[in-house]
**Q** 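Please read through the structure below; I'll follow up with questions.
No hydrogens, no waters, no symmetry mates; every other heavy atom, side chains included, goes into these values. Each chain gets a letter, A, B and so on, in the order the sequences are listed, and its residues count up from 1.
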There are 2 protein chains.
Amino acid sequence: MEAIVQGGPVSRASISKQTGLSKQTISEIVRQLEIDGWVRETGRTSGHIGRTAVTYELVPDAAYIAAVDLGGTKVRVAIVDLTCQVFAEDVAPTDPRGGPAVVDQIVSMCFAAAKTQNIARDRIRLAVIGAPGAPDDRTGRILLAPNIAGLDTMNVAAALEKGFGFDVMLENDVNLAVLGENWLGQGQGIDNLAYIALGTGIGGGLMVGGNLVRGASHAAGELGFLPFGSDPFEPESLRSGAFERAVASGGIIERFRAATGKTLGVPAIFDLASEGDASALTVLDDTARLLARGIGAIAVVANPQKVILGGSIGLRPEILERVKTFLPQCFPYAIDVEASQLGARAAIIGAAAIGLGHLHNTLFGADTPDSRISLPPANTVTLREVAR
Amino acid sequence: MEAIVQGGPVSRASISKQTGLSKQTISEIVRQLEIDGWVRETGRTSGHIGRTAVTYELVPDAAYIAAVDLGGTKVRVAIVDLTCQVFAEDVAPTDPRGGPAVVDQIVSMCFAAAKTQNIARDRIRLAVIGAPGAPDDRTGRILLAPNIAGLDTMNVAAALEKGFGFDVMLENDVNLAVLGENWLGQGQGIDNLAYIALGTGIGGGLMVGGNLVRGASHAAGELGFLPFGSDPFEPESLRSGAFERAVASGGIIERFRAATGKTLGVPAIFDLASEGDASALTVLDDTARLLARGIGAIAVVANPQKVILGGSIGLRPEILERVKTFLPQCFPYAIDVEASQLGARAAIIGAAAIGLGHLHNTLFGADTPDSRISLPPANTVTLREVAR
DNA sequence: GTTATTTAGTTCGGTAACAGAACGAATTAA
DNA sequence: TTAATTCGTTCTGTTACCGAACTAAATAAC
């Protein structure tokens with residue numbers, strides 16, 4: 001029934017052709033789905049030779065998914081239906097107490113958002129939570145997430161499932177971002193895709209052969225520890241990452257301070273650069289050179305077709321244009337690099353992607369030939385803002 | 001029928017338990033395989049309560065595979081049976097004319113090796129060729145292989161299939177090596193595995209989630225272009241790789257020459273180091289530090305559980321012990337690093353692995369849930385040398 | 001030695017997930 | 001109006017399994 005998910009109104013004969021299954025088989029399956037309430041008739045085709053066909057579509061509000069992007073400073077939630085239409089969305093500062101307080105915050109924000117649209121709680125079937133660090137499937141803990149207290153000492157997944165009353169999936173937030181780009185962003189249709197989030201820190205998400213790369217201990221993409229930018233053998237590099245020290249906002253501020261004696265924030269340094277300040281321009285150049293090298297390192301290992309930049313610094317056009325200048329100077333073949341158009345919403349969209357794929361699979365018993373996520377195509381999806 | 005492949009003599013009831021299929025289904029399948037000549041009875045179980053069972057095994061010589069490791073200087077071929085027993089093996093210098101001459105050389109070496117064991121040509125069902133560079137599935141060419149002339153201007157796959165008279169598969173040689181390690185080497189049972197071949201040059205093979213990483217243009221693993229070791233913005237680095245210039249044999253020789261004024265080959269430098277020569281020891285230390293950083297870079301992107309070192313330099317114990325010292329100094333968490341025990345044979349074994357997996361799949365119509373290769377377990381496999 | 005228990009293997013009849021063939025239904029084209 | 005095309009249903013069939021029941025053949029217990 002991927003054919004119904006994959007397209008808008010569709011006839012049974014059309015599904016038969018797309019899937020190679022016989023018309024009688026498709027008729028039977030669609031009959032059952034209609035009885036169960038998952039699909040409905042939308043009308044008939046017209047304007048072509050031959051008998052007109054009855055068209056069917058997925059019933060969008062048969063179920064909803066809660067998508068959450070949990071960050072060290074903010075938490076963003078959204079309620080989406082089976083066609084990924086966003087019915088409710090909210091952003092709030094992350095509860096600084098961490099642990100159970102954050103769990104409670106997530107649950108109540110989701111249910112509050114649903115309530116603003118009169119979506120009953122029992123229509124929400126699944127929640128997907130993107131969080132910094134490495135979610136541990138076996139223990140339900142979130143490891144390597146120093147920005148939020150208490151998540152590595154409790155079973156976050158179980159607590160969320162208890163609070164929500166339905167299934168919860170945890171995933172790294174940058175991994176969700178690359179999924180979101182792959183689904184609705186500039187990474188559509190690309191099986192080998194990298195995403196770099198550069199801001200206060202730096203992290204990466206990677207898809208290889210259409211699959212997310214998590215790694216043996218879910219530590220893939222910890223780009224801050226690339227062994228260049230500063231001396232990787234220094235103790236400070238072991239703690240916070242040789243590359244992150246140099247390329248993220250702290251490194252930018254430090255390089256500007258070393259050149260000018262002044263301590264400014266990153267936005268102010270970008271402002272000075274746009275006014276032609278020589279030191280600021282040099283700092284941006286050095287940042288972009290480092291980022292180009294980081295992109296080269298990813299390309300050497302995994303050969304992505306495209307690299308998408310996100311994060312407060314990664315989204316800056318000044319950085320992208322410089323990276324495009326420097327990358328060909330330090331890497332032997334062309335790599336497509338773009339700034340994310342989804343921006344801060346990439347992870348939410350990725351969460352919705354995982355949730356929809358999971359829900360579709362469990363509802364329709366789909367047996368995908370690999371672990372690729374099967375989703376509606378981008379042109380059937382609308383992202384509708386709602387007033388908060 | 002993976003159960004038969006996966007174990008030695010096995011009873012139908014045992015297969016039924018392993019696979020969850022019913023006894024009657026298994027009986028029927030085994031009957032058909034026996035009729036077709038793929039399996040045969042080996043005897044009966046004994047010494048347990050209940051009826052004794054008839055045991056079956058794969059008929060090893062029902063088919064053979066030709067495994068080939070094509071390098072710039074040598075070509076190594078092997079003929080293996082369905083249990084990966086090596087019946088014939090040969091090594092020869094690669095024909096320097098390249099192109100069609102190399103194709104002819106491969107074909108004739110394989111058939112000659114088979115003839116030494118009286119294996120009829122029509123018993124060989126498949127050839128797997130590992131070559132440097134990037135095999136292009138669409139055109140049958142091998143790109144990025146400067147060491148062997150003419151492979152990027154002809155359809156190598158088609159020429160080999162014409163010469164052999166059966167199917168041919170092409171794959172990158174380092175990718176085959178990591179597969180070999182994953183199957184019969186120290187990477188057994190590891191889904192996230194990296195292999196580094198360091199000698200005249202450097203290359204990497206990577207498995208993520210049990211799958212080979214080839215990348216968008218099959219350029220994954222070109223470790224020579226990691227952006228450190230030397231300045232990646234220098235034109236020479238763009239040509240031959242900033243990292244490769246520094247860490248491979250050319251870089252070792254150059255660093256020793258710069259320190260001593262003498263030009264020696266790599267083996268001689270290692271000899272001097274074992275005699276306590278301070279400059280030679282420093283050169284080895286620097287090489288290992290660079291290699292440790294390279295391992296760190298792979299770990300940052302893909303988080304492998306283990307890294308296996310191969311190649312003439314990578315196999316040196318002096319390098320491994322230094323890498324183990326330096327890696328914890330520049331990377332925040334432990335990575336298991338080992339020197340390959342398969343050594344120069346890793347790629348041949350990987351070729352046999354791919355060939356066997358492919359053959360098993362086509363013969364038994366196996367529908368694996370993902371693209372993992374299904375192979376006999378290591379303990380049923382013998383690598384038997386034959387006199388040449 | 002006989003009986004009880006356990007495990008292997010076969011037979012019989014059945015289900016689920018499809019499919020080919022045929023044909024009626026409903027539209028446009030000639 | 002007829003011909004051609006496409007949709008959808010009915011009827012019958014195939015394949016890849018399965019449960020239930022039973023026979024066969026071994027060890028364990030008495």
**Q** Quick check against the 3.5 Å criterion: does B/N182 have a side-chain atom that pairs as donor or acceptor with the backbone of B/I190?
**A** yes
**Q** Find out whether A/M169 and A/L126 are in side-chain contact, i.e. whether some heavy atom of one side chain is under 4.5 Å from a heavy atom of the other.
**A** yes
**Q** Is B/T45 reaching over with its side chain to a backbone N or O of B/A53, donor-acceptor style, under 3.5 angstrom?
**A** yes
**Q** Nearest-nucleotide wise, let me know which of A/G50 and B/T55 is further upstream toward the 5' end of DNA chain C.
**A** B/T55
**Q** In whole angstroms, how far is the C1' atom of C/dT11 from the CD atom of B/E28?
**A** 12 Å
**Q** Reading DNA chain D in the 5' to 3' direction, which nucleotide is the first one with an atom under 4.0 Å from a heavy atom of chain B, and which is the last?
**A** D/dC17 to D/dA28
**Q** Tell me whether A/N175 contacts the main-chain N or O of A/G205 through its side chain, where contact means a donor paired with an acceptor under 3.5 Å.
**A** no
**Q** To the nearest Å, how far apart are B/R31 CZ and C/dT10 P?
**A** 6 Å
**Q** May I have all residue pairs that pass side chain to side chain donor-acceptor pair (under 3.5 Å) and include part of residues 28-37 of chain A, sequence neighbours excluded?
**A** A/E28-A/R31, A/Q32-A/D36
**Q** Kindly say whether A/T55 contributes a backbone atom to a donor-acceptor pair with the side chain of A/T42 at under 3.5 angstrom?
**A** yes
**Q** I need the CD1-P distance between A/I49 and C/dT28, as an integer number of Å.
**A** 10 Å
**Q** In the structure I gave you, are the side-chain heavy atoms of A/D137 and A/H218 within less than 4.5 Å of one another anywhere?
**A** yes
**Q** What are the two closest heavy atoms between B/T19 and B/I26, and how far apart are they?
**A** OG1-CD1, 3.9 Å
**Q** Does a nitrogen or oxygen in the side chain of B/R12 sit under 4.0 Å from OP1 or OP2 of C/dG9?
**A** yes
**Q** How does protein contact run along nucleotides 12-22 of chain C, one letter per nucleotide 5' to 3', with B for base contact, S for sugar-phosphate only, - for none, heavy atoms under 4.0 Å?
**A** ------SBBB-
**Q** Rounded off to whole Å, could you give me the NE2-to-C1' distance for the A/H48 and C/dA29 pair?
**A** 14 Å
